Amino acid sequence: MKGSTHLVVGVALGGAFAYIGKYELVETIGIVTTCAIASIIPDMDTNSKITRKLTIPVKLVYAFLGIVGLMITGYGYWLLDGTEKILGMVIGCSLIVLPQLIIKPKSMLILTGLGTLVVGILLSHLWIMGLAIYMIISAFAPHRGITHSIWGFAFFGWILYELQAFVGMEMLMAAGLIGYASHLICDMKWLPANRKGIKLFQPFIKLEF
């Protein structure tokens, strides 16, 4: 299922949850937002919209390293001599070309996750640290891997629990779990649009739902 469809389902479920619970406006916004984000977060294991929104833009990194590479190349060509000149130009050209071959969107997810982890440790916020670990795991996981399992669901539930305690807003965890569960359910084989399902209990049980 497309990410936009997951998002629509998440917003609808969050709205229904808030309506049934008769929450105030601020709580409703929090519930709908949490449910919506949770409904697309499992797809962080691929180059999805949520991944691109949360990570440092890879094109920005390309541009920055490219500018630095040009400066080093120019410095080597005009101001250095002999071996140093060649070395400077090689390093400069490498910074222009190699990042586009080596640095991929998932690499940025790892870097963003590591940065987020440092922030979480400095602030002593468990939910930030948990989100950082989730991001790093997602970067190494295949699509519909661990984030689309019961283990990913449980780990994100813990993140929501810590977030709810930090924010002090009731039912935030429940709303997020509903959103996350909706993603898993909508990715299962019972929907004709899904050619593949998800392995809820991977890596221990390979059964596809």
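As the structure is a prediction and not an experimental result, all values here were calculated from the model.
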Using side-chain heavy atoms (C-beta onward) and a distance below 4.5 Å, is [X] in contact with [Y]?
X	Y	answer
D43	H143	yes
I205	K199	no
I41	Y134	yes
T147	Y180	yes
L172	L160	no
F166	L126	no
Y77	K85	yes
S138	L109	yes

I'd like to know whether CD of E208 has more than 12 heavy-atom contacts from other residues, nucleotides or ligands below 6.0 angstrom.
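It does: E208 CD has more than 12 such atoms within range.
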
Are F64 and V61 grouped together when hydrophobic residues (ILVMFWY) are joined by side-chain heavy atoms under 4.5 angstrom apart?
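Yes; tracing contacts between hydrophobic side chains, which count when under 4.5 Å, links both residues.
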
If hydrophobic clusters are built by linking Ile, Leu, Val, Met, Phe, Trp and Tyr wherever their side-chain heavy atoms come under 4.5 Å apart, do L101 and L95 end up in the same one?
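No, no single cluster joins them.
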
One pair to check against side-chain contact (heavy atoms from CB on, under 4.5 Å): M135 and L117. What are the steps and the verdict?
CA-CA 10 Å; M135 293 168 72; L117 183 60; over 6 Å; no

Without swapping roles, check the side chain of E27 against the backbone of M169 for a donor-acceptor pair under 3.5 Å.
no

Using modelled atom types only, decide if a donor and an acceptor are shared between the side chain of W190 and the backbone of I185 within a distance under 3.5 Å.
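Yes; judged by distance alone, with no hydrogens or angles, the pair exists.
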
Full working for side-chain contact (heavy atoms from CB on, under 4.5 Å) between Q164 and T34:
CA-CA 10 Å; Q164 179 175 279; T34 302; over 6 Å; no

Test side-chain contact (heavy atoms from CB on, under 4.5 Å) on W151 and I146 and set out the steps.
CA-CA 7 Å; W151 321 116; I146 194 69; 3.7 Å; yes

Ring pair (Phe, Tyr, Trp, His ring centres under 6.0 Å), that's the test. Do W158 and F155 meet it? Break it down for me.
CA-CA 5 Å; W158 171 74; F155 186 72; 5.7 Å; yes

Once you measure the plane-to-plane angle for F17 and Y23, does it fall in the parallel (<30°), tilted (30-60°) or perpendicular (>60°) bin?
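Parallel: the ring planes of F17 and Y23 meet at under 30°.
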
I need the minimum non-hydrogen distance between A18 and T28, along with the two atoms involved.
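Minimum heavy-atom separation between A18 and T28: CB-CG2, 3.7 Å.
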
I need the single residue from I96, L60, L70, I103 that forms a side-chain contact (heavy atoms from CB on, under 4.5 Å) with L65. Which is it?
I103

Go through H148 and H183 one step at a time and tell me if the side-chain contact (heavy atoms from CB on, under 4.5 Å) criterion holds.
CA-CA 8 Å; H148 288 68; H183 186 109; 3.1 Å; yes

